[in-house]
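Basis for what follows: all heavy atoms, side chains included, without hydrogens, waters or symmetry-related copies. Residue numbers run from 1 in the order of the sequence given.
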Amino acid sequence: MLLTVTVDDLPDNCLVNATGSMRRMRALSVEGWPVRYIANQMDAAWDGLKQLRRGERTTVVLRTARLLRRTYDELILLDPYAHCRKTVVTTLRKQAAASGWYPAAAWADAIDDPAAKPWHVVRCSYQTCINGSKDERLLCDTHLKLLKKRGTLEGARLMRNTQALLEDARFILATDPPINPRTQEIDKERLAERLGTNWEALERVLLRANINLGKLRESA
């Protein structure tokens with residue numbers, strides 16, 4: 001029998017990749033949390049945390065990484081102005097911005113993944129677009145180019161792949177299906193309209209997926 005071992009199963013004295021710890025330190029700096037304050041919360045040496053923040057370490061002792069993760073989860077939800085000197089917080093925020101460090105939101109749930117790129121792990125914020133964003137504006141390449149070209153995203157076409165469109169259709173059919181009062185059948189045109197498309201386009205998607213509206217409703 002094979003057991004799956006995760007980082008949480010390892011002893012405190014193990015060395016682990018320092019990427020997540022570095023990102024957490026930098027994200028806390030973006031918010032304005034001083035290193036000494038973080039160190040006091042962790043009961044750890046502040047000079048070691050500074051080295052982590054500067055990216056001078058490739059590994060970190062797991063106990064430190066765990067303490068930092070716990071402290072990060074607590075502080076990232078608080079306002080540093082309520083706990084630290086205002087001038088220190090403001091100065092630190094400016095320094096973090098000048099250094100090009102990223103906030104917590106840039107990493108979503110991938111802060112410990114060395115391969116993750118900032119903002120790319122966050123979905124594009126334009127309506128139901130399923131692409132990853134490219135920067136802090138939370139827009140994908142397609143919508144960034146459109147914004148640059150037109151100066152606005154008003155009236156932009158919804159960006160869905162086939163699977164996303166079918167999932168949205170299933171949700172509507174399961175929760176609030178548009179019924180034609182005369183036939184008591186699904187109103188195809190109204191369904192398509194609520195999905196931001198027309199029936200002809202939706203029908204093509206169904207054909208490509210080899211499923212009809214009846215089966216789609218049954219699977220909702």
Side-chain angles (χ1 to χ4, degrees), residues 3-126 129-141 143-144 147:
L3 298 177
T4 301
V5 178
T6 68
V7 171
D8 291 329
D9 299 314
L10 298 175
D12 275 348
N13 60 352
C14 281
L15 289 176
V16 294
N17 190 293
T19 299
S21 295
M22 177 193 70
R23 289 171 178 170
R24 285 183 174 88
M25 285 300 303
R26 292 181 174 182
L28 288 172
S29 293
V30 169
E31 292 297 313
W33 290 104
V35 174
R36 285 184 182 273
Y37 187 93
I38 300 168
N40 288 340
Q41 297 299 110
M42 294 173 55
D43 194 21
W46 68 272
D47 53 339
L49 294 181
K50 271 198 167 184
Q51 290 177 349
L52 272 174
R53 189 179 65 174
R54 289 195 297 262
E56 296 175 358
R57 292 187 175 185
T58 57
T59 59
V60 62
V61 176
L62 185 53
R63 179 180 181 276
T64 300
R66 284 171 172 161
L67 283 171
L68 178 55
R69 180 175 60 183
R70 191 179 307 129
T71 303
Y72 168 88
D73 289 342
E74 294 171 357
L75 295 184
I76 207 67
L77 300 175
L78 303 177
D79 180 5
Y81 282 113
H83 301 270
C84 307
R85 288 171 53 195
K86 293 183 178 180
T87 54
V88 173
V89 174
T90 300
T91 299
L92 187 52
R93 285 184 171 185
K94 290 179 180 178
Q95 291 174 348
S99 299
W101 293 341
Y102 296 100
W107 304 109
D109 295 326
I111 196 167
D112 289 305
D113 181 2
K117 296 180 180 180
W119 300 116
H120 291 217
V121 293
V122 186
R123 272 182 58 166
C124 176
S125 61
Y126 183 73
C129 180
I130 47 79
N131 298 317
S133 58
K134 295 300 180 182
D135 65 14
E136 64 275 7
R137 285 171 290 186
L138 300 185
L139 295 173
C140 63
D141 274 342
H143 287 111
L144 280 172
L147 181 64

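For the side-chain contact (heavy atoms from CB on, under 4.5 Å) criterion with L68, the lone passing option out of I38, V60, D73 is I38. When the options R24, R93, Q95, R53 are evaluated for a side chain to side chain donor-acceptor pair (under 3.5 Å) with S29, the one that passes is R53.
By the 4.5 Å heavy-atom criterion applied to side chains, R70 and L67 are counted as neighbours. The closest side-chain heavy-atom distance from E31 to L78 is not below 4.5 Å. Counting heavy atoms from C-beta outward, V35 and L92 have side chains that stay 4.5 Å or more apart.
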Can you check side chain to side chain contact (heavy atoms under 4.5 Å, CB included) on V88 and Y37, steps first, answer last?
CA-CA 11 Å; V88 173; Y37 187 93; over 6 Å; no
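The shortest non-hydrogen separation linking V89 to C84 is CG2-CB, 3.8 Å. A18 and L52 get closest at one heavy-atom pair: CB-CD2, 3.9 Å. Nearest heavy-atom pair across A39 and A45 is CB-C, 4.3 Å. Pairing each heavy atom of L28 with each of I76, the nearest pair is CD2-CD1, 4.1 Å. The nearest pair of heavy atoms linking N17 to P114 is ND2-CG, 3.9 Å. Across P103 and W119, no two heavy atoms sit closer than the pair CG-CZ2, 3.8 Å.
Using cut-offs of 30° and 60° on the angle between ring planes, the pair H83 and W33 is tilted.
A side-chain donor from one of Y81 and T90 sits under 3.5 Å from a side-chain acceptor of the other.
Other residues, nucleotides and ligands contribute at most 12 non-hydrogen atoms within 6.0 Å of the CZ atom of R63.
The existence of a salt bridge linking R23 and D112 is excluded, since no basic side-chain nitrogen approaches an acidic carboxylate oxygen closer than 4.0 Å.
R26 CZ to R54 CZ: the interatomic distance, rounded to the nearest 0.5 Å, is 10.5 Å.
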